[in-house]
Amino acid sequence: MKKIILALATISISLLCGAQSKPAASAAKPNTLKAQQKADGWKLLFDGKSSKGWRSARGPKFPKEGWSIKDGMLCVFGNDGAESVHGGDIITVNQYENFWLSVDFKLTPGANSGIKYFVRPDLYEVGDASAIGCEFQILDDELHPDAKLGIEGNRTLGSLYDLIRADKSGVNFDKEEWHTAWVKVEGNHVEHWLDGVKLLEYERNTQEFNALVACSKYKGWKNFGNHTKGHILLQEHGDEVFYRNVMIKELPSTVFALRQI
């Protein structure tokens, strides 16, 4: 049974990411789904035209400043690198539990942003900083100083921010091009991918994960990363970054029962 599950996962990864380490979204018109993706259960979280389905992490409406929707992109404005002081973060209206998330992003020189999941503003006060959640780091590793902070590179592009370093040895990353970030959550099992290459994986709700949290900037946040569900977030960190092709496939709980067989 394990072999069957792994084979099905491989097929789904190929459909999303392509056979080579090339952004899947480049093969189709931005913010649209292929027939096979629709049949496989994928849904767009961003329609390329409006803020429908998104709101501020601080309130019920989409920010009036700091973000724009232009040419099929969600654009976060630059603000001298200050974190969450212009428009603030944006989050999905809905919360998600088990899913495969795909997001295309494009950096500008020295940029910092992030894709977060299991974000719970109702449990963690947002305040003046970014909302709290597990983060797929979006960063210009060469030019932004955050890449040299943290522990052993755990704040670099693709990392589980401040917790686990991303292994990008198999990625050919061109800062001037679009790239595809992919987050897979199956119960407690989580994976980060970039352009079809797996960067890391980890298990939530374990002693090992909680030990990592205890040594991180999140040590003061009770039950960090272990919630059953939460919002998806795009971060405003004071640098210009572009997002498109934001899509999700929600997974039924039966998948995880099979995974244990």
**Prompt:** How would you list all residue pairs meeting salt bridge (Lys or Arg N to Asp or Glu O under 4.0 Å) that involve residues 154-164, not counting sequence neighbours?
**Reply:** Asp146-Arg155, Arg155-Asp162
**Message:** Can you list, by chain and residue number, the hydrophobic cluster partners of Ile91 when the side-chain cut-off is 4.5 Å?
**Reply:** Val119, Leu233
**Prompt:** Parallel under 30°, tilted from 30 to 60°, perpendicular over 60°: which one fits the rings of Phe62 and Trp67?
**Reply:** perpendicular
**Request:** Could you verify whether a donor N or O on one side chain and an acceptor N or O on the other, from Ser216 and Tyr161, lie under 3.5 Å apart?
**Result:** no
**Prompt:** With sequence neighbours excluded, what pairs up with Lys168 under the salt bridge (charged side-chain N to carboxylate O under 4.0 Å, His left out) test?
**Reply:** Asp141
**Set of residues satisfying salt bridge (charged side-chain N to carboxylate O under 4.0 Å, His left out) with respect to Lys52, sequence neighbours excluded** = none
**Complete:** The single option from Trp221, Phe118, Phe224 that satisfies ring pair (Phe, Tyr, Trp, His ring centres under 6.0 Å) with Tyr124 is Trp221
**Message:** Using the rule given for salt bridge (Lys or Arg N to Asp or Glu O under 4.0 Å), can you reason through Glu250 versus Lys43, listing the C-alpha separation, both sets of side-chain angles and the distance that settles it, and then say yes or no?
**Reply:** CA-CA 9 Å; Glu250 294 186 77; Lys43 296 180 180 180; 5.0 Å; no
**Request:** Kindly write out the residues that satisfy salt bridge (charged side-chain N to carboxylate O under 4.0 Å, His left out) with Asp174, not counting sequence neighbours, or none if the list is empty.
**Result:** none
**Message:** Just to verify, what does Arg165 make a salt bridge (charged side-chain N to carboxylate O under 4.0 Å, His left out) with, not counting sequence neighbours?
**Reply:** none
**Asked** Does any donor atom in the side chain of Ser169 or Asp167 lie under 3.5 Å from an acceptor atom in the other side chain?
**Response** yes
**Asked** Between Tyr202 and Phe209, what is the ring plane arrangement, given parallel below 30°, perpendicular above 60°, and tilted in between?
**Response** parallel
**Between Ser130 and Gln235: side-chain donor-acceptor atoms closer than 3.5 Å** = yes
**Asked** With no hydrogens and no angle check, do the side chains of Lys61 and Ser51 hold a donor and an acceptor under 3.5 Å apart?
**Response** no
